[in-house]
Structure formats: C-alpha cells, structure tokens
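Before any comments, here is the structure.
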Amino acid sequence: FRGGRIEILQPNGEVVSARVADELVPRLGEFYSHDVEADALVTTARSVATGIERSSYFVTGLSTVDDASPPPGDSGM
C-alpha cells in the first residue's frame, strides 16, 4: 500500500480530503477519533477561463492535540 487518503474535520465543520505521506500511513491508526494538528502542503490552482479554484492537500506530519493545553500564544491565565 503506497500513500493514503484521510478526511480531516476542521473546527469550522468543513471536511478536507488529503493525501498522506507514505511514512505516515502505518501510523494513521494512532490518530483515529482524536483531535490532531496536521502539517500539510496546500496547492491551489485557479482556472483562468472559469475562475474556479481547487485546492489539494498533502499531509506531511500529524500530532495529537492535548485538550488541556492552552492555545498557542495563551499562557493559560
């Protein structure tokens, strides 16, 4: 099995389908049903003729998010 695809539910409710780096595929089970942060390369293409934009996502890293930790830039106080 080379490569893979995942769907990520974003906080705004939007679902993004993304390709996954080969080295992450064996570890995907660790992240099911968890809040995660993803590092991704995003490519956006726009048709000159129609103006329609399409983005593709390639996940290069995943990590679980600890619900108890404050958001970046927040000291928690």
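Residues take their numbers from the sequence shown, with the count starting at 1.
Contacts of E53 classified as side chain to side chain donor-acceptor pair (under 3.5 Å), with partners at least two apart in sequence or in another chain: none. For E23, there are no side chain to side chain donor-acceptor pair (under 3.5 Å) partners, not counting sequence neighbours. Residues satisfying the side-chain contact (heavy atoms from CB on, under 4.5 Å) test with I8, not counting sequence neighbours, are I6, A38, V59.
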Below 3.5 Å, can you tabulate the donor-acceptor pairs from side chains in residues 42-51 to any protein atom, sequence neighbours excluded?
| residue | atom | partner | partner atom | Å |
| --- | --- | --- | --- | --- |
| T44 | OG1 | S55 | OG | 3.0 |
| S47 | OG | A49 | N | 3.3 |
| S47 | OG | T50 | N | 3.1 |
| S47 | OG | T50 | OG1 | 3.1 |
| T50 | OG1 | I52 | N | 3.2 |

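The closest side-chain heavy-atom distance from L62 to L28 is below 4.5 Å. R5 has its side chain within reach of S17: a pair of non-hydrogen atoms, C-beta onward, lies under 4.5 Å apart.
Residues V36 and L9 are members of separate hydrophobic clusters, defined by side-chain heavy-atom contacts under 4.5 angstrom among Ile, Leu, Val, Met, Phe, Trp and Tyr.
Annotation for F58: hydrophobic cluster partners, listed by chain and number, are L41 (ILVMFWY side-chain heavy atoms under 4.5 Å, direct or chained).
Applying the salt bridge (charged side-chain N to carboxylate O under 4.0 Å, His left out) definition to pairs two or more places apart or across chains, those involving residues 25-34 are R27-E30.
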